[in-house]
Amino acid sequence: MNLPERVHVIPKCKNLKNHKARPKKTAAKKIMSDTRNNTLSEHSGTSKYSSDSDTSDTEGNNSVHVDFKVRLGAVCLLQVLTEFTQSREIFGYWPQIVATGSRNDARVLTRSILVEPVSKVRLNVLSTLTELLTGARPFLKHAEDTNYTSFITFFGIVCLMVKELHFTLSLVLFTEKNVAVLTHALKCTAALVQGTPYERLKSGLVNKLVRNCRPHIFHKDPTVRVAALSVFEAFASSEPITPEISNMLAKQSMNDAESERLQFNASLTNDIGTEEEEEIDIEDIDNSVNSSNEVKISKDEKISVLVRVCLENISNKTISTPVRLQSLKLIGRLAFNTGNLVFPHLEKVTTTLVSVMGEAESQVVLHACRVLEIISGCLANTEAYHNNGTLFWNTIFESMISLAQTSQTILREAACDCLGSINGNILTQLSRQRVILVITILFGAVRDEESAVRAAGLRALGMLVTLSALEDDTGFLMDLADIVYLTSDDKNLGVRVKSAWALANLCDCLSRQKQHEDREPLPLEVLLPQLYQVCVKAAKDNDKVKCNAVRAIGTILYLCPEKHILSDTALGLDALINCAVLGNDMKVRWNACRALGLVLGHNPDAILPSSWKVQVFPVLANLICHSPNFKVRTNAAWALSSCNHYGEYTVMLWKNIILAFENAQHVPSYMEYSHQDALIQQLCLTLSRVAACTEESELQNLWEEIGDHVEEISNFMKQFQETVLPEKLGDLIKARAQLEHHAKNARYIENRQIAQFLANIFERTNHYDNLDVTPTI
C-alpha cells in the first residue's frame with residue numbers, strides 16, 4: 001500500500017496559477033521550487049507550457065486523484081482479505097500490516113491514519129483496523145509488558161503494538177474533525193479497549209486514551225456521542241477492572257479535561273507537526289468541554305461524571321434515542337462491573353429508570369427494564385447491597401407489574417425476566433399479596449399467545465423455585481408441576497427448553513425438601529409419575545432440552561421410594577445411558593453421567609432393573625478412558641465413585657481406571673488442559689472407592705491385570721494426597737484399611753502379599769520397594 005507523504009508535489013501545468021496553495025508552508029514551497037527546477041533542467045529547450053510533453057495537462061492535473069483511488073482500493077482490498085481470512089493466519093502479519101511497535105515511518109495502518117489527507121481513505125483504514133482488532137482479541141489478551149532486553153518475546157512485541165495503537169488513536173481522537181471518520185475512530189478505540197489486557201500492562205494507557213475520548217460524550221452529533229459512550233462501556237466491561245480504569249470511571253469532575261488536552265497538545269505538535277488538516281468534509285465542530293454546559297449536571301459531586309451524564313441523557317426526552325439507549329447500556333454495565341459507582345446512588349438511578357417506563361418509545365423502555373434486571377441480580381448476589389433490595393423493589397414493583405401486562409410482546413418478556421430476578425430475602429420482605437401477584441402474573445405469562453413470553457415466564461418460574469422462600473409453598477410447587485406438564489409439548493423449541501430447565505429446578509427443589517422432614521410432604525406418588533413421563537419424553541428431544549431432562553430423570557429416580565411408582569424405571573435408565581454415550585453436545589453427556597451417579601449413590605438395586613450393573617458399569621468404564629471431553633470423563637468417574645458395591649466388575653474397573661490415568665496424559669485438545677487436573681483427582685477418588693470394595697477372592701485376578709502398573713498408580717496417588725483437601729480422604733483411608741485387613745487375614749500368603757502391595761499405593765510414602773518378596777502368580 002503506497003502511503004503518501006504529508007507534503008505533496010504540485011503538478012506542473014498551465015492551471016498552476018489557479019491552484020490554492022497552503023499558507024505558511026515553507027517546506028512545501030522549497031520542494032515545489034526544487035521540483036520545478038529539476039523538471040526544467042531535464043527538458044531544457046522546451047517551453048514551460050508546451051503541449052509537446054509526454055503527459056497531457058489533464059493527466060497531470062488528475063495524478064493526485066489517481067493516487068487517492070489507488071490507496072482507497074488497496075485499503076478496501078485489505079479489508080476484504082481481513083474479513084475472509086482467519087484471524088490466527090493474519091495475526092502473524094500484524095507487524096507488517098497494523099503496527100511495528102516503534103512509531104516509525106513504516107507503511108502500516110497506524111502510520112497511514114496519521115498521514116492520510118483524504119478522509120474517505122482514513123475512514124476505510126479505521127474500519128479495517130477495527131476488523132483486525134475484533135478478530136485478534138484471543139491473541140491480544142496474551143500481550144506482556146516486559147523490560148527491554150536483548151531478546152523480546154512475540155507477545156512482548158504485541159504489547160508494543162498495542163501501545164502504538166493507543167498512541168495513534170489518541171492522536172486521531174484529538175485532531176480529527178470529520179464526523180464520519182471520528183465516529184469510526186471511536187468504534188476502533190472501543191475494539192482496541194475490548195482486546196487490551198490492561199491488567200498485564202503498565203498503567204498509563206487508559207488515561208492517555210480517555211482524555212481525548214471524554215470530550216466527545218458531549219459532541220453535538222449523536223452518532224459521535226453514541227460511539228464515545230461505547231468506548232466507556234468497553235472500559236467498564238474490562239475483566240478485571242484495574243485501578244487505573246476504576247479511577248477513570250469514578251472521575252467526578254470534568255474541569256480538568258481541558259487542561260489534559262492542553263498538556264497533550266505539546267506532544268501532539270512534536271509528533272505530527274503544525275500542519276493544518278487539508279480536507280474537512282464538514283465545518284469544524286466544537287468538541288471542547290465547554291459543550292458540556294448544554295447538559296444539566298447534578299451538583300452532587302459524589303456521583304461520577306459518567307453516571308451523571310447517563311442519567312441526564314436517559315431522562316431528557318429531546319435527546320436522540322440512540323444516545324439514550326447507549327447511556328442505558330453503559331449504566332447497566334457500570335452496575336454490573338463497578339457497583340460502587342451506582343449503588344450508593346441507587347434511589348436516584350432507580351427513580352430515573354422508572355420515570356421512562358411509561359414512554360411510547362419501546363426500545364428505551366426495554367433497555368431500562370434490562371438495566372433494572374441487572375441491578376436486581378446484583379442486589380441478589382452481593383451481600384453488601386441486600387439492604388437496598390427492598391427499597392429498590394418497592395420503587396419498581398408497580399411499573400414492572402404494569403409492564404408485564406402491556407400489549408408489546410418484547411416488553412412483557414423483559415418484565416418476566418426482571419420479576420424472575422427477585423432475591424429470596426427480598427421476596428420474604430414483600431407482602432404476601434405482592435408475592436401472590438408476582439406468581440400469578442408469571443403463571444399467566446406461561447399461557448401467553450407469544451412463545452417468547454411463555455419462555456420468559458417459565459424461566460422466571462424456574463428461577464423462583466430455587467428460592468428457599470417458596471420451598472414450603474406446596475400450592476406453588478404443584479401448580480408449577482402442572483404448568484411444566486402442559487408446556488412440555490409446546491411447538492416452540494425455546495419454550496420446551498425453558499420448560500425442561502424449570503422441571504429440573506423443580507426436581508432439585510423436591511430433593512432439597514426431602515432432607516427436611518418437618519416440612520409438609522408433597523404427594524410424590526402422584527407427582528413423580530407425571531414428571532417422569534415428561535422428562536423421559538424430553539430426553540429424546542433437542543440437545544438443549546435433553547441436558548435438563550436428564551437432570552430431572554436422575555433426581556426423580558433418586559426421589560422415588562419404590563420402583564412400582566414409576567411403572568418402568570428401565571425407560572429412565574436407558575435414556576440416561578443413551579444420552580451419556582451418544583450425541584455431540586457434551587453438556588448432555590456430562591449431565592447424564594451426573595444423573596447416573598445420583599441414582600447409583602441411592603439404593604439402585606431397589607429402583608433400577610436387575611440388570612443395571614451390566615448396562616451401567618461397562619458404559620462408565622469406557623467413558624472414563626475414551627471420551628473426547630475431559631468433563632465427561634470426570635463426571636463418569638464421579639458416577640462410578642458414587643456406587644457402594646461393584647460385584648464382579650471390580651477387577652474390570654481397576655483395569656479401566658489405570659488405563660484412564662494413562663489416557664489422561666494425552667490431551668486431545670488444548671481446551672481440555674484446564675480440566676486435566678480435576679480428571680486425575682477424580683480418578684484417584686474413584687480408585688479409592690473401588691479399592692475399598694475389593695474382596696479377598698478378587699486379589700489374584702486383580703494382580704494379573706494391574707501388577708505391572710503399581711508404581712505408576714502409586715505416583716498418581718502420592719501427588720493426589722499432597723494436594724487434596726483432608727475431607728476428601730475418606731475413601732482413601734477406607735481403601736487402605738480394607739487392603740491392610742486382607743494383608744493380615746487372607747488365607748493364602750500370595751493374597752497377603754498382593755494386598756500389602758496394593759495397600760501401599762494408598763500410603764503417602766510408598767514403600768513397596770522395601771518388600772522382600774514380590775507376589776508371583
Side-chain angles (χ1 to χ4, degrees), residues 170 173-174 182 186 189-190 193 198 203-238 241-264 285-316 318-320 322-353 367 371 374-375:
S170 294
L173 294 178
F174 183 85
L182 179 58
L186 288 166
T189 302
V193 171
Y198 290 103
S203 60
L205 290 179
V206 172
N207 289 332
K208 293 177 181 178
L209 196 62
V210 167
R211 66 188 175 190
N212 291 310
C213 178
R214 187 187 291 114
H216 297 306
I217 65 177
F218 304 110
H219 201 284
K220 294 178 181 179
D221 189 284
T223 307
V224 176
R225 296 177 71 177
V226 170
L229 290 170
S230 69
V231 174
F232 288 98
E233 183 189 3
F235 277 117
S237 303
S238 300
I241 298 289
T242 63
E244 187 180 15
I245 295 177
S246 180
N247 293 334
M248 178 272 296
L249 296 174
K251 199 165 190 177
Q252 297 177 0
S253 173
M254 286 290 294
N255 295 334
D256 56 342
E258 184 66 26
S259 62
E260 288 179 348
R261 291 182 63 119
L262 293 175
Q263 292 172 7
F264 194 58
I285 296 177
D286 182 14
N287 294 332
S288 68
V289 184
N290 294 332
S291 62
S292 65
N293 295 333
E294 298 178 2
V295 180
K296 183 180 178 181
I297 297 180
S298 170
K299 295 181 180 180
D300 187 357
E301 292 298 327
K302 295 182 180 179
I303 301 180
S304 73
V305 170
L306 289 176
V307 175
R308 276 186 280 167
V309 170
C310 288
L311 294 180
E312 291 294 338
N313 290 343
I314 294 167
S315 59
N316 191 346
T318 63
I319 292 180
S320 173
V323 175
R324 301 178 72 192
L325 297 181
Q326 186 60 47
S327 298
L328 285 165
K329 290 176 64 179
L330 179 53
I331 280 287
R333 183 52 58 182
L334 290 172
F336 185 79
N337 265 10
T338 57
N340 59 317
L341 300 182
V342 175
F343 290 106
H345 318 286
L346 183 61
E347 184 177 359
K348 182 173 183 177
V349 173
T350 306
T351 304
T352 302
L353 294 174
H367 279 70
V371 175
I374 292 173
I375 293 175

So does [Y] get a backbone contact from the side chain of [X], meaning a donor-acceptor N/O pair under 3.5 Å?
X	Y	value
Ser170	Lys208	yes
Gln326	Ala227	no
Arg308	Ile303	yes
Arg225	Ile217	yes
Ser238	Phe235	yes

Could you tell me which non-hydrogen atom of [X] sits nearest to which non-hydrogen atom of [Y], and how far apart they are?
X	Y	value
Ala236	Ile241	O-CD1, 3.6 Å
Ile314	Ser327	CG1-CB, 4.0 Å
Ala335	Phe343	O-CE1, 3.5 Å
Asn212	Leu173	O-CB, 3.7 Å
Ser315	Thr352	CB-CG2, 4.2 Å
Cys310	Ile331	CB-CG1, 3.5 Å

Could you measure the distance from the [atom1] atom of [X] to the [atom2] atom of [Y]? Nearest 0.5 Å is fine.
X	Y	atom1	atom2	answer
Leu353	His367	CG	NE2	12.5 Å
Glu244	Leu249	CD	CG	10.5 Å
Leu229	Lys329	CG	NZ	10.5 Å
Leu311	Lys348	CG	NZ	6.0 Å
Asn313	Ser320	CG	OG	10.0 Å
Ser203	Ile245	OG	CD1	11.0 Å

Under the side-chain contact (heavy atoms from CB on, under 4.5 Å) criterion, do Met248 and Phe232 qualify, and how do the steps go? CA-CA 9 Å; Met248 178 272 296; Phe232 288 98; 3.6 Å; yes
Counting C-beta onward and ignoring hydrogens, is there a side-chain heavy-atom pair between Leu306 and Leu341 closer than 4.5 Å?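 Of all side-chain heavy-atom pairs linking Leu341 with Leu306, none is under 4.5 Å.
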Could you check whether any side-chain heavy atom of Leu182 comes within less than 4.5 Å of a side-chain heavy atom of Asp221, counting everything from C-beta outward?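 They are not in contact (no side-chain heavy atoms under 4.5 Å apart), so the answer is no.
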